[in-house]
Protein chains: 2
Amino acid sequence: MSKTTIYDVAEAAEVGIGTVSRVLNNSEKVSDETRNKVLKVIKELNYYPNGMARGLALQRTNAIGVMVPSFIDHFFVEVLRGVQAGLNQFDLDLVLFKVDKEEKDKHINRVLQGRKVDGVLAITLDLTKEEVNKFKELDLPLVLVDDYQQDVNSIFVDDIAGVKKAISYLIELGHQRIAFFDGPLESNHGKQRLEGVKIAFAEAGLEFDEQLLQEGDFTVESGYQSMKKILDVEERPTAIFAASDDQAVGALEAIKEEGLSVPDGFALIGYDNIELARYLDLTTVSQPMFKMGELGIETLAKLIYSKQDDLIKKKIEPKLVIRNSC
Amino acid sequence: MSKTTIYDVAEAAEVGIGTVSRVLNNSEKVSDETRNKVLKVIKELNYYPNGMARGLALQRTNAIGVMVPSFIDHFFVEVLRGVQAGLNQFDLDLVLFKVDKEEKDKHINRVLQGRKVDGVLAITLDLTKEEVNKFKELDLPLVLVDDYQQDVNSIFVDDIAGVKKAISYLIELGHQRIAFFDGPLESNHGKQRLEGVKIAFAEAGLEFDEQLLQEGDFTVESGYQSMKKILDVEERPTAIFAASDDQAVGALEAIKEEGLSVPDGFALIGYDNIELARYLDLTTVSQPMFKMGELGIETLAKLIYSKQDDLIKKKIEPKLVIRNSC
DNA sequence: CTGTTAGCGCATTCAT
DNA sequence: ATGAATGCGCTAACAG
């Protein structure tokens with residue numbers, strides 16, 4: 001029972017393997033009679049075609065790769081769920097590749113050259129132009145999710161719009177001194193979000209005090225440290241805007257340690273709308289993560305299986321979810 | 001540049017493809033001179049072997065499959081992280097298969113027969129004997145994670161011990177009427193945990209009031225509904241033990257709606273120790289999810305690549321994490 | 001030590 | 001409509 005091949009089926013059905021292959025691939029050129037005969041044998045023998053062999057012959061794997069940073073958090077889980085939901089419409093396998101920042105090149109090469117997938121979804125990977133080019137050279141379809149690049153298919157959220165919504169809201173509430181806990185300034189998100197902050201201030205006729213900018217890395221610990229520093233500033237801000245909910249959570253801890261609370265001591269806004277935010281009653285910028293995953297694979301599938309080659313870009317609008325932290 | 005094959009390398013290096021294959025597979029039987037020559041060409045041409053072809057020839061894919069329920073929650077994410085961590089030691093790809101309860105058979109067959117993986121990790125899948133047998137018939141190594149079966153490799157947590165710890169703790173605190181919100185009674189966990197509850201009561205010389213048993217499905221909504229029902233019972237319990245943290249969260253909501261709180265209105269204990277539990281200050285039974293994932297792939301790798309065929313079973317002890325919800 | 005050849009399982013011409 | 005032959009890219013056994 002260990003391995004039924006197309007030859008076994010052909011023999012049992014008393015036809016050639018070509019015919020079996022045809023019914024397998026729904027070719028029209030088979031008489032109903034033989035088709036049924038073959039189908040019956042296939043069922044009896046519980047036969048399924050070997051994926052590797054089919055891949056080799058077809059030059060197609062029927063699988064898509066999803067590259068994610070080694071750091072798996074709520075964000076990716078949501079995106080992954082979206083990917084899976086989208087995957088249901090197609091008959092594709094999902095290969096998960098973890099990409100360490102330290103060994104980015106090695107990991108990318110592996111995905112690229114192993115040729116085990118027909119296309120790749122790169123989630124929040126901050127790929128460089130050079131890295132993206134490798135995909136082009138090898139003609140492997142690529143879609144960036146939560147990342148953006150000039151001439152690459154991208155599904156991304158309008159960072160600047162999201163940030164502006166948050167800052168504007170705080171300003172409306174009367175806040176003028178607002179601290180901003182950003183992610184790494186060399187990351188796309190870090191840059192974009194800082195720019196958004198500046199724009200929002202400018203549009204309100206105010207100026208952002210760079211003293212109140214803290215560079216961090218989206219983690220709880222980072223938010224905690226940033227808040228500690230802000231508490232030491234001579235003229236404290238009245239509001240905190242964190243570039244991730246995790247950072248907001250960290251900030252909250254530091255605020256509590258100081259004997260203060262939210263929103264009385266500080267107004268606080270996060271980013272991402274992770275599940276925890278609801279329980280903490282944290283106002284935050286919501287990113288449609290599930291949707292991004294879904295759109296991502298839909299886009300990729302289109303690229304791969306309908307040979308579309310025009311650039312596909314989808315910008316998604318984030319929403320401000322207002323709760324009681326400011 | 002689109003496709004460099006072993007033939008291109010052989011030609012450029014002026015050797016036969018056999019030789020190239022040998023250096024690729026670190027065969028000792030190649031002179032240093034030719035080896036270096038080939039290696040140089042490989043680098044120049046940026047050549048990587050085609051995974052499909054290699055898989056076909058070797059009857060080995062260098063990938064492992066992870067089957068997960070369609071319902072992806074915190075629990076699974078932690079396990080997956082463990083899997084990835086463990087995967088790092090080996091050079092394996094990870095193929096993720098979602099298994100719908102409704103189409104279990106179809107999905108399992110696909111994994112089984114597609115033959116795109118060398119072995120499978122089945123996480124929290126409540127596989128039947130029959131399903132497990134399919135793997136045996138096809139000689140595809142299988143490791144159950146968070147699931148148990150007589151003669152299958154399994155990494156599992158001692159459910160009964162975990163439940164006993166929770167119930168005993170409540171009894172110590174003086175509670176006698178304890179409601180239990182279980183998962184589906186036809187699931188392994190559902191059965192085990194209920195049994196644990198009964199044992200714990202028996203050992204304390206008490207009897208479990210079946211009226212206080214609520215069957216649910218591990219979700220927040222389920223916990224909410226169960227709590228609603230319990231609030232209608234004539235003689236209310238003083239404590240609630242939920243079979244998942246999510247259920248505990250749902251119960252908490254219902255308790256709050258009733259104008260009561262925890263631990264004053266009810267003592268509350270959850271199960272899983274998800275991240276949220278910490279923030280809710282919820283006492284809960286901790287399952288080492290990350291560890292389970294790590295152990296799972298370690299076990300699987302051993303089965304596949306060192307041809308061990310003795311049954312491997314690992315029982316992990318859960319811990320009671322005491323916080324302030326009771 | 002190295003080149004050549006025969007599969008691995010399937011899709012796809014090319015004949016018929 | 002169908003069977004036989006060829007190739008997908010690679011490994012391994014076989015000669016030399």
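Owing to the predicted nature of the structure, the values given are computational and were not obtained by experimental measurement. Convention: sequence-line order gives letters A, B, ...; per-chain numbering from 1.
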| said: Using a 4.0 Å heavy-atom cut-off, does A/Val15 contact any base of the nucleic acid, only the sugar-phosphate backbone, or nothing at all? | reply: sugar-phosphate

| message | Reading DNA chain C from 5' onward, which residue's closest nucleotide shows up sooner: B/Tyr7 or A/Val20? | response | B/Tyr7

| field | B/Met52 CE - C/dC10 P separation (whole Å) | value | 14 Å

| query | Would you call A/Asp105-A/Lys134 a salt bridge at under 4.0 Å N-O? | reply | yes

| query | What's the closest nucleotide to the A/Arg54 side chain, out of C/dC10, C/dC8, C/dG3? | reply | C/dC10

| note | Assert: residue with more 5' nearest nucleotide on DNA chain D, out of A/Ala53 and A/Thr19, is A/Thr19

| Closest nucleotide of DNA chain C for A/Ile17 versus for B/Ala57: which of these residues is on the 5' side? | B/Ala57

| query | When you check the side-chain N and O atoms of B/Tyr148 and B/Lys313, is any donor under 3.5 Å from an acceptor? | reply | yes

| field | Start and end of the DNA chain D segment that chain A contacts, any atom under 4.0 Å from a heavy atom | value | D/dA1 to D/dG9

| With a 4.0 Å cut-off, would you call A/Lys101 and A/Asp126 a salt bridge? | no

| message | Quick check on A/Glu11: does its CD atom have over 12 non-hydrogen neighbours (other residues, nucleotides or ligands) under 6.0 Å away? | response | no

| query | Rounded to the Å, how far apart are A/Leu24 CG and C/dC10 P? | reply | 8 Å

| task | Ignoring backbone atoms, test whether B/Thr34 places a side-chain nitrogen or oxygen under 4.0 Å from the OP1 or OP2 oxygen of C/dC1. | result | no

| Nearest-Å distance for atom pair CG/P, residues B/Leu58 and C/dA6 | 20 Å

| task | Could you check whether A/Ser21 gets within reach of a base, just the sugar-phosphate, or nothing at all, counting any heavy atom under 4.0 Å? | result | base

| query | Going through the distances and angles, do B/Met289 and B/Asp146 end up as a side-chain contact (heavy atoms from CB on, under 4.5 Å)? | reply | CA-CA 9 Å; B/Met289 306 174 273; B/Asp146 189 38; over 6 Å; no

| task | Mind calculating the distance between OH (A/Tyr47) and C1' (C/dG9) to the nearest angstrom? | result | 7 Å

| Pair A/Asp151 + A/Lys136: basic N to acidic O under 4.0 Å | yes

| message | Distance check needed: C/dT5 P versus B/Ile6 CD1, whole Å only. | response | 16 Å

| task | Look at the side chain of B/Arg22 and decide which nucleotide, out of C/dA11, C/dG3, C/dG9, has an atom nearest to it. | result | C/dG3

| said: Rounded to whole Å, how long is the line connecting atom CD of A/Gln59 with atom P of C/dG9? | reply: 18 Å

| query | Could you give the angle between the helix axes at the two ends of the helix from C/dC1-D/dG16 to C/dT16-D/dA1, with five pairs per end, rounded to 10 degrees? | reply | 50°

| query | With distance as the sole criterion, is a donor-acceptor pair present between the side chains of B/Asp159 and B/His189 under 3.5 Å? | reply | yes

| Test item: A/Thr61 side-chain N/O and A/Lys116 main-chain N/O as donor-acceptor pair under 3.5 Å | yes

| B/Asp118 and B/Asn62: side chain donor to acceptor below 3.5 Å | no

